[in-house]
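In what follows, a structure is listed as structure tokens, so that the remarks can point back to it.
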Amino acid sequence: MEPKVVTGVDSARASIGGASGHRELTVHTLDELLSLAGGLLAESAVRDLAAARTRVAEDRFNLVVLGEFKRGKSTLINALLGRAVLPTGVIPLTSVVTAIGAGDRDRLVVRYSDGSEEERPLTEISDYVTEGRNPGNHLGVELARVELDHELLTAGLELVDTPGIGSIHSHNTAVARDFLPRVDAAICVLDAGQPLSQGEREFLVEVGGRVPRLLIVINKIDHLEPADRDVAVQFIGSALRDLLGDDNELFAVSARRREGLSRLARRLRRLAADEREALLVSSVARLARTVAADTAQAARFESRATQLPLEQLGLRGSMFEQRIADLRAATVEAGDLLDRGIGRALEQSVNEPLKQYARREEARLREELRKHADGLRAGSPRELSAELEAWVDARIRAEFERLVPLFEAAIGGELTELGRHYATRIERILEQVQQTAEDVFGARATDVLPDTGLRAPSSFSFKLKDPEHALDMIVGFGRTITPGALGRRLVMREAEQRLIDMSDRHAGRLRSELAGRVADAVREYRQELAAAVDEAIEAIRAAIERAGADRRRGERHARARLERLAQIERRSAQLAAELSAAEAAGDHQTGGKVDAS
């Protein structure tokens with residue numbers, strides 16, 4: 001079905017922009033753009049535009065809380081609302097985007113990826129939005145929407161909680177990044193006790209370039225001594241100035257203890273009262289402008305293909321496929337290079353050092369165990385065995401709590417650097433796909449390239465109590481009941497062996513788990529970027545196929561289609577210009593830094 005083309009702007013359309021004196025963004029403008037883009041652009045772009053249209057029609061302003069995992073995003077939202085709405089805990093929890101908006105009663109509406117919805121009791125929210133209850137989002141939840149009666153929400157803000165980037169569950173990062181086109185303003189949550197990670201720096205730059213208003217919350221200041229708080233805030237502020245420029249709004253808080261929230265709450269009320277409408281215009285216009293420009297480009301490409309005689313179109317299509325085969329091979333080669341690089345990094349940064357760890361540290365650990373045993377008061381072999389077993393467990397835990405961050409940081413840094421090289425190769429391939437389209441057909445199909453990041457490996461978990469063989473348990477018990485000095489010597493020998501065995505076993509587990517998590521992250525990353533290449537190629541193929549179908553239906557039909565494509569291209573380009581003006585008007589209205597005192 002061909003898209004319906006609407007020309008002109010009806011002055012009676014319902015506006016969301018207020019009396020700004022500039023061209024106002026309207027629901028009908030977005031409807032028109034949706035009709036133009038349908039069938040020409042990828043589904044993801046049309047879906048984001050449709051979501052923007054819904055926000056405009058329903059006057060919903062997405063204030064999205066972003067940041068790395070375990071920065072306290074859900075706790076901050078609960079503190080702002082003054083009640084425990086979202087689940088919180090000591091492990092990464094949120095795995096599904098959760099929107100909290102105004103309503104006359106408490107309720108939870110779960111929207112699934114197939115488009116269906118169901119209302120559930122708010123007390124069941126953990127069943128749908130947490131990794132523990134909904135692992136890997138196996139329920140297929142697209143969005144969980146909570147409705148409450150609260151002043152911030154009735155003022156027009158919709159608080160949106162997102163999964164943390166860099167989480168133990170790598171798919172959560174993709175969910176958070178995919179939501180960025182729907183952000184009207186953002187609160188980025190940092191941890192006062194941790195310096196900005198490389199992932200946070202890159203994410204802040206990405207968000208700062210795409211979001212009209214960005215507030216920075218430095219959470220967990222209660223974890224620092226009072227004298228250290230100002231130092232931490234100044235350090236983070238300086239780093240943010242280097243990244244984002246001077247115009248940053250910082251709020252130091254403890255969400256857990258509700259410290260520093262009054263200033264942030266006042267700022268949010270002012271945002272709702274004075275900036276919300278203009279920011280919504282600017283945010284939606286920015287997204288829609290990109291879609292409009294890309295629609296014009298897609299129509300231009302299909303026009304070039306449709307102008308070709310059918311035989312020539314077939315020849316050029318074959319030429320395109322030959323070149324694309326080379327680019328697909330280059331994509332596979334880039335992935336293989338990534339895999340080999342990761343393999344070398346694991347061997348050099350993790351495997352070899354951990355293989356040598358137990359041998360290198362064996363004497364030190366044995367000496368520590370003997371000193372601990374010598375310091376214990378005399379007791380039965382059974383009592384000594386229990387004491388030493390507890391000490392070994394605690395010592396191994398402490399040892400690996402020290403080691404794990406070192407190895408994770410080492411492989412995480414390697415992984416990020418290798419990921420950058422791979423992403424650069426894929427970006428070149430995506431550019432070459434479009435260049436090939438231009439070489440063969442005289443126009444690019446799109447100028448919009450995807451942006452994505454590689455996830456760091458997740459955190460190591462401990463397992464100190466390993467199942468024992470029944471015979472080993474009987475022999476061990478026999479030693480603990482041997483009386484006197486002999487029993488103590490046997491217990492000591494057993495404790496030393498347990499210490500070395502557990503050290504070696506956990507080194508092996510750490511090697512295995514890090515290798516597995518790295519493999520998972522790299523596999524997902526390769527699939528993600530390979531899918532971007534596939535999507536770009538398939539969009540061009542689809543346009544070529546439509547052009548061929550139009551040609552086969554006859555010259556008259558082809559001319560009519562060319563006229564329609566020219567009309568779509570002109571109107572989309574016109575809308576892109578109008579939306580650019582609307583975006584600039586919204587930016588102008590909110591361009592000055594608002595006093596947040």
Side-chain angles (χ1 to χ4, degrees), residues 37-47 174 178 290-291 293-341 418-454 522-553 558 561-562 565 568-569 572:
L40 289 176
L41 297 189
E43 287 184 10
S44 58
V46 176
R47 191 165 54 245
D178 289 345
T290 301
V291 171
D294 211 33
T295 300
Q297 183 67 48
R300 187 177 307 121
F301 173 81
E302 191 169 326
S303 291
R304 294 296 178 91
T306 306
Q307 288 170 22
L308 295 170
L310 192 56
E311 183 179 356
Q312 185 72 284
L313 179 62
L315 289 173
R316 295 202 186 187
S318 297
M319 186 187 306
F320 175 78
E321 290 297 336
Q322 290 170 5
R323 296 195 188 180
I324 287 304
D326 293 337
L327 293 177
R328 284 196 182 280
T331 302
V332 174
E333 182 182 356
D336 291 342
L337 287 172
L338 175 64
D339 288 344
R340 288 199 291 272
L418 288 166
R420 279 201 194 93
H421 291 310
Y422 176 65
T424 299
R425 292 187 183 101
I426 296 299
E427 285 171 2
R428 284 201 295 266
I429 290 169
L430 285 165
E431 174 60 32
Q432 288 171 324
V433 168
Q434 297 304 323
Q435 188 59 53
T436 297
E438 187 170 13
D439 292 344
V440 175
F441 293 99
R444 297 164 67 92
T446 180
D447 287 319
V448 179
L449 299 180
D451 50 356
T452 118
L454 188 64
V522 172
R523 183 179 61 255
E524 288 185 13
Y525 192 56
R526 284 190 62 172
Q527 290 173 346
E528 186 178 351
L529 289 191
V533 174
D534 288 342
E535 184 177 69
I537 293 170
E538 291 305 318
I540 294 171
R541 282 177 174 163
I544 296 170
E545 289 173 3
R546 288 195 299 270
D550 289 331
R551 273 291 170 194
R552 284 189 290 272
R553 293 177 66 179
R561 178 60 177 165
L562 284 169
L565 288 169
I568 292 173
E569 182 182 347
S572 296

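What you see is a predicted model, and the numbers here were worked out from it, not measured in a lab.
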With sequence neighbours excluded, tell me which residues meet salt bridge (Lys or Arg N to Asp or Glu O under 4.0 Å) with R541.
E321, E538
CD1/I324 to OG1/T436 distance, rounded to the nearest 0.5 angstrom?
5.0 Å
Test R425 against L529 for side chain to side chain contact (heavy atoms under 4.5 Å, CB included), laying out the working first.
CA-CA 10 Å; R425 292 187 183 101; L529 289 191; over 6 Å; no
Does R304 use its side chain to pair, donor to acceptor, with the backbone of G442 at less than 3.5 Å?
yes
According to side chain to side chain contact (heavy atoms under 4.5 Å, CB included), who are the partners of E431, at least two apart in sequence or on a separate chain?
Q435, R444, L449
Where do F301 and A443 come nearest, in terms of heavy atoms and distance?
CD1-O, 3.1 Å
So which heavy atom on E535 is nearest to which on A42, and how close?
OE2-CB, 3.5 Å
For T446, the side chain to side chain contact (heavy atoms under 4.5 Å, CB included) test, sequence neighbours excluded, returns D294, Q434, V448
Carefully, step by step, assess E569 and S572 under the rule side chain to side chain contact (heavy atoms under 4.5 Å, CB included).
CA-CA 5 Å; E569 182 182 347; S572 296; 6.0 Å; no
Heavy-atom closest pair, residues A536 and L430:
CB-CD2, 4.0 Å
Who passes side chain to side chain donor-acceptor pair (under 3.5 Å) against E438, sequence neighbours left out?
none
Separation between CZ of R561 and CZ of R546, rounded to the nearest 0.5 Å
6.5 Å
Counting only pairs under 3.5 Å, give me each side-chain donor-acceptor contact of residues 306-316, with atom names and distances, residues two or more places apart or in other chains.
unit_1, atom_1, unit_2, atom_2, d
T306, OG1, E302, O, 2.7
R316, NH1, V440, O, 2.9

Straight-line distance of I544 CD1 to F441 CZ, nearest 0.5 Å
3.5 Å
What are the two closest heavy atoms between A299 and I568, and how far apart are they?
CB-CG2, 4.0 Å
Determine the minimum heavy-atom distance between A37 and V291, stating which atoms define it.
CB-CG1, 4.2 Å
Please tabulate, for the side chains in residues 326-339, all donor-acceptor contacts under 3.5 angstrom to protein atoms that are two or more places apart in sequence or on a different chain.
unit_1, atom_1, unit_2, atom_2, d
R328, NH1, D534, OD1, 2.5
T331, OG1, L327, O, 2.9
D339, OD2, R526, NH1, 2.5

